[in-house]
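First comes the structure, then the notes that go with it.
In what follows, every heavy atom counts, from backbone to side chain, and hydrogens, waters and symmetry copies are set aside. First the proteins, then the strands, lettered A, B, ... as listed; each starts at 1. Keep in mind that what you see is a predicted model, and the values were worked out from it rather than measured.
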Amino acid sequence: MSDAPDMIKAYEPAEVEAKWYPIWENSNYFHSDPNSGKKPYSIVIPPPNVTGILTLGHVLNNTLQDILIRYHRMLGEEVCWFPGTDHAGIATESRVDKYLRQEENTCRDDLGRDEFIRRVWEWKQKYGGTIIRQLRTLGCSADWERERFTMDDGLSMAVRKVFVELYKKGYIYRGQRMINWCPVAKSALSDEEVIYKEENGKFYHFRYPLADGSGYLVVATTRPETMFGDTAVAVNPEDERYKHLIGKMVKLPLTDREIPIVGDIHADPTKGTGCVKITPAHDPNDFEVGKRHNLEVINVMNPDASMNARCGERFAGLDRFTARAETVKAMEELGLVEKIEDIRHAVGYSERGNVPVETLVSSQWFCNMKELAKPAIEAVKSGKIKFYPERWSKTYFHWMENIQDWCISRQIWWGHRIPAWYNDETGEVYVGMEAPTAPGTWRQEEDVLDTWFSSWLWPFSIMGWPEKTPELQKFYPTCDLVTGPDIIFFWVARMIMAGCEFMDEIPFKNVYFTSIIRDDLGRKLSKSLGNSPDPLDVIAQYGADALRFTITYIAPVGMDIRYSNEKCELGRNFANKLWNACRFRRLQGPVTPDFRRLAPSLVLTSDERWMLAKLNEAIGSITTALEEFRFHSAAHEVYELVWSNFCDWFIEAEKVPLRAGGEDKERALMVLDYALFRILKLLHPFMPFITEELAHQMQFVEEGKSIMFESFPTMDDMIFDPAQIELADGKFELVRAGRALKSGYNIPDGKKVNFHIKANSPEMLAFLREESASLYSLLNAAEIKLELDAFDTAANGAAPAQAAQLGTISLPLTGLIDVAAEKAKLNKQIAELDKSIAGSRAKLSNEKFLAKAPEKVIADAKALLEKMEARHAELTALLASLQ
RNA sequence: GGGCGAUUAGCUCAGUUGGUUAGAGCGUUUGCUUUACACGCAAAAUGUCGGGGGUUCGAGUCCCUCAUCGCCCACCA
């Protein structure tokens, strides 16, 4: 046993993983050929932010993609995983601005537009795309030659083309509308970029005096500082309390303005006082009311959400929150505060800026989505695109059927500049792929496009659209998309719309929505909480394979994952188990030649047939699970197969023929090799590094080749009689019973003892006789008496025993037996059995059951009852023998 | 206000279309340096499947309802 000096006792992933990745990449293994005749299989990566670093969310997401890619590669398909990064407008702009402030004592605004953009590109060259390198550490087999960036020339051209086409169709327009404004980015945002948080707030009731001095109205607001923009007070036209006031004026406190009282259905008589202050510039509802009554729109804020000159000297320049307090104070000074209530309400926050957004009226570019949504809704409804889990389609439909115009312009610099030019002299607007050539002075729009306006084209822009490239021909539409449900609106829905509109074809067939990863306590992972482990640390500690396997194993379908680093012990231990199974095999001698296919003439043992049957079963269920995106279930199956079936039982059982040597050993080695190679292949998509290493260590795969191009195992054609497999299972059950007896008497496992086995039938006896060497080994027995007769208690004294399917096993411990304990144990077993038998009999004597249940269910129930009754008789006899 | 999800062993979770005695990992207890593996082996204990009602011969699984927790959407001034 000195044949495998190269295999250390405990698997160490670091070196192995560092060794294989460059070999794979330098051998061009991930390269895809759009001209091949093979069936295409493609995935586009959800492009991570170019500023990003690997998080556990990426680990989960990309592990699953890599599992799919490797699985389909092993199915012999032409696979292509398109990688790349996203320019992430606002995030990158503020990241680089921060960098400039920290490192160079300058900033965006100091540098000016052109220089700043130049510096962002520079930063991107230097620091960007870290995550792309990190994905290699994880083992991802993407086609890196095809890495793209959303601001590459080609992709930028696609963006302009799409903009121009949608403009010509009349979908894209520029208009004055209510939008969400981020005071930090000083830019407009789309509705989707606003996150609502429940907060404690105040509800201020103010008195607005009537201009004629005949009293006052009480209005309530959560935003007192916007009152400088009030241009009316609305009451419901049906409201008896106030309808006589419609048309009169109120004096707007803190200003010199008088504003009208208007009748509008927006005012709900049942809410508050029934009077609403109308601030068209700062509230979407008020904006609508303003339009109906032709009210002036007065913006009272600066771009950074401080108050502007319209608010008067006392308030101008104040931050909005300071201004709020100050306004209330001023109103109190005037005695116009009726009351202040505490309320809980939802406040919209800017996703990036993490401050409350302002809703305000602004001139922006919008895209009308109504028509684009129609075919995209149909694509999912008809089942052309399938969602996993399916329930997300409900969320999708709800959003798509109520889709609003998309605010696509951003007042930042980093991004795709909107291809629109203004002629200030003529007032003309030109929209085109390139600058206008017509004479005159043209000024390009300053705004850039929302980042998602390039990401929604990703599945085809990454393949070279609008050119008709071989990649588009071969790989579009892509097959599967793996992404988080948090970007279903931002990205998934919009990609479907873009695909249908510009390719006239869906962008992908299946969308798998991953789980959200949380910490042990169920909290979201975040930098600020400090509960976000660095995957690279985890990989250094446990190995990439361990992390991949663990996260797949613990990720339930469509639910949150509770993750902690310690859980990776599962994957690490599993890798070690596999390593040692192979190490054991290597210690037995060199690889056998027929490891790819066993000779049909080979006469197998019961254990070997059992193992191959289990293997076949596992291959079937793992394949189905992968096809149905049930990754965790596939991981559980393969874990069970390797650990429980292969290691715990099969290797232990094969030690008998291995020790016997000669032909027995030869055959055992062949079966071990055959099974091991299949196991390595099954596991490869989950744990690419260790399976590659072991496939070479075991000499299943030649030097210069890779397991990743071996075919994924399919069920082989060996058919086994289920009755034989059941006998093998029965033997293991008997062994378990025997071990339990030993354990019950605190007999060390290593100590050899005598057993007596009474077989339940002559056939079973014959089988057990054939298997007796195996029984000796698995039970570590000194001597086993195998008979049809019960242990002779009269002659030898009472013995502890356990009943199993094939027979009763007893431990003849003459004189040492604890009779009372044994009786108690038996009585407990009998009592439990009594219950089950009673239930079973009741069921079987129920005429309705017999009439309505399927035949198979009835037959199974009868067989079970028989088994239980036999077991019952056996236990009763054992009890009697103890008297 | 609408929608979705969760509630199963001490913890984290499996449990395909309703059909044997509800499973795994971790943890706990006991015994093991058995020549692949202590990142291990063998054995053991632990559950009124959130409460209530219903459908059914049969419910962890389907329906209704309540409770708790979480997420998403929605203009409540």
Side-chain angles (χ1 to χ4, degrees), chain A residues 1 4 7 9-11 178 196 203 219-223 234 266-268 271-279 283-288 345-346 359 389 391-392 394-395 398-399 402 485-486 488-489 516 520 522 542 546 553-554 556 558-564 566-567 569-570 572-588 621 624-625 628 630 632-633 636 639-640 644 647-648 651-652 736 739-744 746-752 780 832-833 835-836 839-840 843 846-854 856-858 860-861 863-865 867-868:
Chain A
M1 293 214 182
M7 290 186 80
K9 220 170 163 185
Y11 176 57
M178 181 65 63
Y196 289 90
F203 204 29
V219 296
T221 181
T222 55
R223 304 285 319 273
H266 168 61
D268 183 341
K271 284 178 185 163
T273 58
C275 305
V276 193
K277 69 193 258 311
I278 301 299
T279 323
D283 181 278
N285 286 312
D286 293 3
F287 184 66
E288 294 304 315
H345 61 152
T359 44
R391 63 185 155 82
W392 288 110
K394 210 163 180 174
T395 308
H398 183 256
W399 188 73
N402 298 287
D486 49 332
I488 188 166
F489 306 139
I516 306 267
D520 255 7
Y542 297 99
Y553 188 95
I554 66 173
M559 272 172 36
D560 294 350
I561 304 178
R562 297 210 174 185
Y563 172 88
S564 63
E566 301 78 62
K567 287 192 173 176
E569 287 177 11
L570 175 108
R572 181 201 58 184
N573 295 354
F574 184 53
N576 188 56
K577 190 71 182 173
L578 184 72
W579 175 263
N580 273 289
C582 289
R583 181 163 173 265
F584 170 78
R585 170 60 193 86
R586 281 297 312 276
L587 291 169
Q588 309 303 318
S621 52
T624 312
E628 294 171 355
R630 290 182 291 109
H632 81 282
S633 147
H636 280 257
Y639 184 92
E640 161 92 7
S644 178
C647 293
D648 288 349
I651 286 187
E652 291 309 316
R736 235 180 257 120
R739 287 171 178 173
L741 287 174
K742 266 172 101 168
S743 173
N746 279 341
I747 300 166
D749 236 21
K751 190 171 178 196
K752 290 191 189 298
N780 203 13
E832 276 169 13
L833 210 45
K835 254 196 228 167
S836 303
S840 180
K843 190 200 254 183
N846 182 336
E847 279 172 34
K848 284 182 179 167
F849 173 70
L850 294 174
K852 293 191 177 176
K856 179 164 185 331
V857 173
I858 295 171
D860 287 352
L864 177 67
L865 179 59
K867 276 186 187 175
M868 288 193 295

Distances for protein N/O vs nucleotides 54-56 of chain B N/O pairs under 3.5 angstrom?
none

Nucleotide N/O to protein N/O under 3.5 Å, stretch nucleotides 58-62 of chain B:
none

Quick one: which protein N/O atoms are closer than 3.5 Å to N/O atoms of nucleotides 10-12 of chain B? Pair and distance per line, please.
from	atom 1	to	atom 2	distance (Å)
U12(B)	O2'	Lys567(A)	NZ	2.9

Please write out the pairs of protein N or O atoms and N or O atoms of nucleotides 24-26 of chain B separated by less than 3.5 Å, giving the distance to one decimal.
from	atom 1	to	atom 2	distance (Å)
A24(B)	O2'	Tyr553(A)	OH	3.3

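Separating the P atom of G18(B) from that of A24(B) is a span of 24 Å, rounded to the nearest Å. As rounded to the nearest Å, U48(B) and G60(B) have P atoms that lie 14 Å from one another. Between G15(B) and U34(B), the distance separating the two P atoms is 39 Å to the nearest Å. Using P as the reference atom, U12(B) and G53(B) are 28 Å apart when rounded to the nearest Å.
Residues meeting the salt bridge (Lys or Arg N to Asp or Glu O under 4.0 Å) test with Asp486(A), sequence neighbours left out: none.
Within 4.0 Å of Ala220(A), counting heavy atoms only, lie sugar-phosphate atoms of the nucleic acid but no base atom. Heavy atoms of Ile651(A) sit under 4.0 angstrom from at least one base atom. Note on Pro284(A): nothing from the nucleic acid sits closer than 4.0 angstrom, heavy atoms only. Across all strands shown, Asn780(A) has no heavy atoms under 4.0 Å from either base or sugar-phosphate atoms.
The interatomic distance linking Asp860(A) (CG) with U20(B) (P) rounds to 9 Å, in whole Å. Protein atom CG of Leu833(A) is 17 Å distant from nucleotide atom P of U20(B), rounded to whole Å. Rounded to whole angstrom, the span from the CZ atom of Phe489(A) across to the C1' atom of C73(B) amounts to 7 Å.
With values rounded to the nearest 0.5 angstrom, Phe849(A) atom CZ is found 5.5 Å from Ile858(A) atom CD1.
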Which nucleotides of nucleotides 41-46 of chain B have their base under 4.0 Å from a protein heavy atom (B), which only their sugar-phosphate (S), and which neither (-), written as one string 5' to 3'? SSS---

